[in-house]
Amino acid sequence: MERFDIQGGTRLEGEVTVNGAKNAALPIMAAALLGSGTTRIRGVPHLRDIRTMSAILGELGARVERRNGVIEITPEDESRYVAPYELVRQMRASICLLGPLVAKRKRARVSLPGGCVIGVRPIDLHLKGITALGAEISLDGGYIDAAVDHLTGTDIFLGGPFGSTTLGTCNVMMAACLAQGRTVIECAACEPEIVDLAGFLTKMGARISGAGSHRIAIDGVDELRGADHEVIPDRIEAGTFLAAAAVTRGDVTVRGLRLDHLSAVIDILTRIGVAIEPTADGCRVTATDGFQATDVVALPYPGVPTDLQAQMSALLATADGISVVTDKVFPDRFMHVAELNRMGARIRKEGNSAIIVGRPQLTAAPVMASDLRASAALVLAGMAAQGYTIIHRVYHIDRGYDRIDERLNQLGARVERVQEDLS
Ligand code: EPU
């Protein structure tokens, strides 16, 4: 197991370029199963979750090759339909194979993903949507079994107690592409990753309108072909770099990001006193001492993403005053709070909120990464703290950030990846 040893107190300066979005690439890789022929996806980041998805696609009879930054996927053996537990348990996003399998292969057996440290994470809306399209679904031995003769388009309301569902919308949209007739998804998720998937499906020959709004209409077609596509920049990685620049009171130009995908985050940063200046292909972030506290609410897009809630909390731990950070998407996603408090932060969890009493300086401590975005928050805090922070279990961060240590070090951070001695 690896850990990060971080010498805090350095100011980040320079340029960094954002990679393609993990959460756009994963459903697009799954959607490749819908096509006949080869799909080429550009800009797919080098991440553990991408390797897991590649392995599952391999189990499902697809040939997956990565060369020169392009992933090529060719469905070959279409008689396969089982996404096994050993792989699905490594990555919850595997659930988005359900829609493509049912639509193209008429059968799916996908391991139930289970909960994770950020919350219970039910999949009732995915099942509701696929059932509404006509599939018979049963749960057996920890697996979802789905079968259908043909899917039929229909109107589906996909809202749940926490609003829209991103991967649920992906699943239903993918399945509806090969259904007979028109499907309308009401209360669809509006995330940029949905728009990217819809763009890819359209290149495959699908007929979709309204992606990016709460109402998506899909007119089913008989077949889809492989397509070429470049995934959108990772708005969460970009937001993490913006927060890293801010928390270290740095001066960083973040290249290759879509500012329009980060409006809510930029609004928060500007409000607390961080300067954001748009550039030709991204923005320059400059920060000095003395942030003001503010309130943040994580909401479905276009609100502040829940995937940046922990990083925003780390940043506000060093602001002047009291901030309230609320997560309305994953109300239990606060594993970072106790660890940040070990570093001198003053944060109290209250329901689905963290009440943060800012202080000028955090202090280094040994801490434990619990999940992907919580680990990113700890790295930010470690860079801002005085002294030497040790973050254990950093494999979590490698699921979503490609070589984050090397890229931060190029900006002047001092993050060392160390192999843990387990004896
Ligand atoms: N929900 C239900 N029923 C469902 C599905 C979801 O009640 O059937 C609830 C969830 O429990 C949650 C809310 O709806 O409270 C939203 O969950 P959503 O379905 O949108 O999450 P997801 O699609 O499973 C994706 C991202 C997550 C990101 C969320 C929210 C991928 C691979 N994952 O998950 O990303 O936090 O959307 O934006 O796209 C991450 O990258 O660190 C990550 C966890």
Side-chain angles (χ1 to χ4, degrees), residues 19-31 44-45 47-50 52-53 56 88 90-99 112-132 137 144 156-174 185 187-197 214 231-232 234-240 261 264-265 298-311 326-333 335-336 352 369-377 396-401:
N19 288 323
K22 162 181 89 78
N23 289 351
L26 290 170
I28 288 173
M29 289 174 75
V44 179
L47 297 173
R48 197 150 67 84
D49 278 7
I50 299 291
T52 304
M53 180 57 95
I56 303 179
V88 172
Q90 295 175 30
M91 188 187 60
R92 206 187 167 283
S94 322
I95 187 66
C96 67
L97 289 155
L98 182 64
L112 277 161
C116 68
V117 74
I118 70 172
V120 183
R121 306 193 72 178
I123 53 154
D124 55 316
L125 299 169
H126 299 244
L127 302 186
K128 174 184 172 185
I130 302 291
T131 305
I137 293 193
I144 308 157
I156 303 167
F157 179 81
L158 218 51
F162 304 99
S164 53
T165 161
T166 313
L167 289 175
T169 303
C170 291
N171 246 334
V172 177
M173 185 166 72
M174 290 188 281
I185 307 174
C187 200
C190 303
E191 272 65 13
E193 292 75 18
I194 305 278
V195 179
D196 205 28
L197 174 63
H214 284 307
V231 295
I232 53 170
D234 195 318
R235 63 196 168 100
I236 307 303
E237 188 187 84
T240 304
H261 289 170
V265 175
L299 290 167
Y301 189 81
V304 174
T306 171
D307 292 345
L308 285 172
Q309 181 260 109
Q311 299 89 316
T326 304
D327 197 324
K328 294 207 171 177
V329 179
F330 289 115
D332 295 323
R333 195 177 202 175
M335 299 297 285
H336 47 282
N352 62 348
S370 58
D371 65 84
L372 167 55
R373 308 301 172 187
S375 334
H396 288 292
I397 207 166
D398 295 328
R399 286 187 48 208
Y401 297 88

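Side-chain atoms are counted along with the backbone in the values below, which use heavy atoms only and exclude waters and symmetry mates. We count ligands from 1, going down the list as the structure has it; atoms in each ligand are counted the same way.
- What sits closest to atom 42 (O) of ligand 1 on the protein, heavy atoms only, is R373 NE, 2.9 Å.
- With sequence neighbours excluded, the residues forming a side chain to side chain contact (heavy atoms under 4.5 Å, CB included) with L372 are K22, Y401, listed by chain and number.
- No side-chain heavy atom of I50 sits under 4.5 Å from any side-chain heavy atom of M53.
- Of the candidates M53, R121, E191, R121 brings a heavy atom nearest to atom 24 (O) of ligand 1.
- Taking each of D307, I194, T166, D49 in turn, the one with a heavy atom nearest to atom 18 (P) of ligand 1 proves to be T166.
- The protein atom (non-hydrogen) at minimum distance from atom 19 (O) of ligand 1 is T165 OG1, 2.6 Å.
- Listed by number with element, the atoms of ligand 1 under 4.0 Å from a non-hydrogen atom of H126 are 8 (O).
- Protein heavy atom in closest approach to atom 17 (O) of ligand 1: F330 CZ, 3.8 Å.
- Every atom of ligand 1 with a heavy atom of V329 under 4.0 Å away is listed here by number and element: 12 (C), 13 (C), 15 (O), 16 (C).
- Contact atoms of ligand 1 toward L372: 42 (O) (distance under 4.0 Å to a heavy atom of the residue).
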Could you give me the CA-CA distance, side-chain angles and deciding distance for L26 and M91, then say whether side chain to side chain contact (heavy atoms under 4.5 Å, CB included) is met? CA-CA 10 Å; L26 290 170; M91 188 187 60; 3.9 Å; yes
Under the side chain to side chain contact (heavy atoms under 4.5 Å, CB included) criterion, do R373 and I236 qualify, and how do the steps go? CA-CA 9 Å; R373 308 301 172 187; I236 307 303; 3.3 Å; yes
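- Comment: R333 engages D307 in a salt bridge, judged by a side-chain N to carboxylate O separation of less than 4.0 angstrom.
- For the pair L167 and N171, the minimum side-chain heavy-atom distance is 4.5 Å or more.
- Side-chain contact check for Y301 versus S164: every heavy-atom pair is 4.5 Å or farther apart.
- No side-chain N or O of E193 forms a donor-acceptor pair with one of N23 less than 3.5 Å apart.
- Nearest protein heavy-atom neighbour of atom 3 (N) of ligand 1: D124 OD1, 2.7 Å.
- The shortest side-chain heavy-atom distance between H126 and I137 does not fall under the 4.5 Å cut-off.
- Nearest non-hydrogen protein atom to atom 32 (C) of ligand 1 is N23 OD1, 3.3 Å.
- Within the structure, ligand 1 has R92 among the residues with a heavy atom less than 4.0 angstrom away.
- Atoms of ligand 1 found under 4.0 Å from any heavy atom of I123 (numbered from 1 in listed order, with element): 4 (C), 8 (O).
- Nearest protein neighbour of atom 8 (O) of ligand 1, counting heavy atoms only, is L125 N, 2.7 Å.
- Nearest non-hydrogen protein atom to atom 30 (C) of ligand 1 is T306 CG2, 3.7 Å.
- For atom 6 (C) of ligand 1, the nearest non-hydrogen atom from the set G400, P122, G168 comes from P122.
- Only one option out of L98, L125, I156 pairs with I130 in a side-chain contact (heavy atoms from CB on, under 4.5 Å); it is L98.
- Among protein heavy atoms, the minimum distance from atom 9 (C) of ligand 1 is reached at F162 CD1, 4.1 Å.
- Contact between K22 and ligand 1 is present, with at least one heavy atom of the residue lying under 4.0 Å from the ligand.
- Taking 4.0 Å as the cut-off, R333 counts as a neighbour of ligand 1 on heavy-atom distance.
- In this structure, I194 and C170 have side chains that are in contact, with non-hydrogen atoms separated by less than 4.5 Å.
- Partners of N19 according to the side chain to side chain contact (heavy atoms under 4.5 Å, CB included) rule, which considers only residues two or more places apart in sequence or in another chain, are P45, E237, D402, R407.
- Residue contacts with ligand 1 include A93, since one of its heavy atoms falls under 4.0 Å from the ligand.
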